[in-house]
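See below for the structure under consideration.
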Amino acid sequence: MHFTGQVWRPPFEAHNALLQVTSGCAHHKCRFCSLYHGTAFRVSPMSEVEEDLQELSRTHPNARRVFLTGANPMALSQDKLAAIARKIKAYLPGVESIGGFARIADLKSKTVEDLRELHALGFDGVHFGTETGDDETLAYMNKGNTAAEIIEQLHKLDEAGIRYNIVFMNGLAGEGNSERHALNSARIFNQVNPDSVNIVALTIFPESELCVDMLAGLYQPAGELEKLIELKTFIENLTIATRINANTVSNTAPFVADLPKDKQAVLSALRQTIDRIDESELAAYRQSIRSL
Ligand code: SF4
């Protein structure tokens, strides 16, 4: 298989066949990000994709889902994505869905008709690192989209029938900004229809620009107590029916919940955690995290 640099996928994609169609990130400018460090964005030639599919047809003949690797394979042209989907079906006829990471900006060049075609070819369950619905934070972090664009572009997926998952990056707005971050994110996320909202708590790694900002005194990270209060405010204000996955190494109070059914139980557990938090212990834990 042709895998270049670091390969990332959500934990719940662990059992699916991985296929490299891009490597690195076409954007590579988000301030907090340390993923794909040192890996230039590259589109895999179709010959490479086909060689890997031949291999997958031997190693994963019964694969039901293929996860396209790279930060944003959805940046590929409509024709290329459609051609990849057709090749996948040819080599792995049991595949029912094709997913991968995507940026909100990747959807701008695609019409609802394009997306319907991709859905018919198997695209479903796409993961967006939305991180926040707060415009100030989106701009400072260089995400390359506004909060209004999150709604506008994800609604195109709703129309096309493609399901999706989004991310809330807990603590991203920094010290003193948590309430605004939580309320604006809940307000924006309440207007879309994600299968899941995945909570990742901000952990600043040395490779990120945010680390440089922090060391220069330009960015003050939220403490662990502030992060947990922010998370509680976010959940309190989230009114959509969705799955919450807050169970990565970055989450100091891990849980998985279905909203609205589990909302009160989650809030009650978060309140208890907040009441007995040991800030220095959690800060030490955060510092010990080497990779997401
Ligand atoms: S957060 Fe995602 S879109 Fe932003 S630089 Fe990192 S990989 Fe690229």
Side-chain angles (χ1 to χ4, degrees), residues 3-13 18-44 67-76 81 99-110 125-154 157 164-174 181 185 188-189 192 194 196-214 219 221 245-246 248-251 289-292:
F3 288 124
T4 310
Q6 300 157 305
V7 174
W8 301 94
R9 46 108 189 102
F12 45 88
E13 296 276 7
L18 303 179
L19 178 66
Q20 176 170 290
V21 298
T22 58
S23 11
C25 172
H27 181 59
H28 209 53
K29 288 181 188 151
C30 298
R31 266 193 144 70
F32 59 86
C33 181
S34 58
L35 306 184
Y36 308 101
H37 187 66
T39 305
F41 180 70
R42 175 177 177 267
V43 178
S44 304
F67 183 84
L68 305 180
T69 65
N72 57 330
M74 291 296 280
L76 295 176
L81 287 172
F101 290 123
R103 298 182 60 232
I104 291 295
D106 295 340
L107 297 176
K108 287 188 190 173
S109 64
K110 297 188 172 51
V126 181
H127 307 284
F128 291 84
T130 42
E131 334 295 4
T132 175
D134 179 48
D135 273 318
E136 207 173 309
T137 307
L138 284 165
Y140 179 63
M141 294 295 163
N142 267 333
K143 276 305 290 182
N145 63 265
T146 63
E149 284 167 343
I150 293 175
I151 300 171
E152 183 188 342
Q153 298 302 324
L154 292 183
L157 292 185
Y164 52 88
N165 307 291
I166 62 177
V167 170
F168 174 64
M169 191 165 278
N170 188 193
L172 188 60
H181 182 223
S185 298
I188 295 300
F189 291 6
V192 294
S196 69
V197 179
N198 299 296
I199 315 282
V200 179
L202 178 69
T203 309
I204 301 177
F205 294 106
E207 302 85 4
S208 68
E209 282 183 53
L210 197 57
C211 186
V212 176
D213 288 359
M214 181 180 74
Y219 177 87
N245 292 310
T248 72
V249 68
S250 74
N251 302 104
I289 300 175
R290 290 287 162 258
S291 172
L292 290 178

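Below, each value reflects all heavy atoms present in this structure, side chains not excepted, and no hydrogens, waters or symmetry copies. Order of appearance sets the numbers: ligands from 1, and atoms from 1 within every ligand. Numbers for residues simply follow the sequence, beginning at 1. Source: prediction; values computed, not measured.
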Ligand-residue contact atoms, ligand 1 with [X], heavy atoms, under 4.0 Å:
X: A71; result: 7 (S)
X: H28; result: 5 (S), 8 (Fe)
X: R103; result: 3 (S)
X: Y36; result: 7 (S)

Heavy-atom contact under 4.0 Å between F32 and ligand 1? yes
Could you tell me which non-hydrogen atom of S44 sits nearest to which non-hydrogen atom of T22, and how far apart they are?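 Heavy atoms of S44 and T22 come nearest at OG-N, 3.9 Å.
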Heavy-atom nearest pair, F101 first then P10, reads CZ-CD, 3.5 Å
Closest to atom 2 (Fe) of ligand 1 among M169, K143, E209 (heavy-atom distance):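 The residue whose heavy atom sits nearest atom 2 (Fe) of ligand 1 is K143.
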Under 2.8 Å from atom 6 (Fe) of ligand 1, can any N, O or S atom of C33 be found? yes
Applying a heavy-atom cut-off of 4.0 Å, say which part of [X] lies close to ligand 1: side chain, backbone, both or neither.
X: K29; answer: backbone
X: F101; answer: neither
X: C25; answer: side chain

Scan side-chain atoms only and decide if T4 and Q20 contain a donor-acceptor pair under the 3.5 Å cut-off. yes
Hey, could you give me the CD/CD1 distance between E131 and I104, rounded to the nearest 0.5 Å?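 That separation rounds to 10.0 Å.
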Using a strict threshold of under 4.0 Å (side-chain N to carboxylate O), is an ion pair present between E209 and K29?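 No, this pair does not count.
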What protein heavy atom is closest to atom 4 (Fe) of ligand 1, reported as residue, atom name and distance in Å? C30 SG, 2.3 Å
Cation-pi check, R31 onto Y140 ring (under 6.0 Å, within 45° of axis):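 Yes, a cation-pi geometry holds between R31 and Y140.
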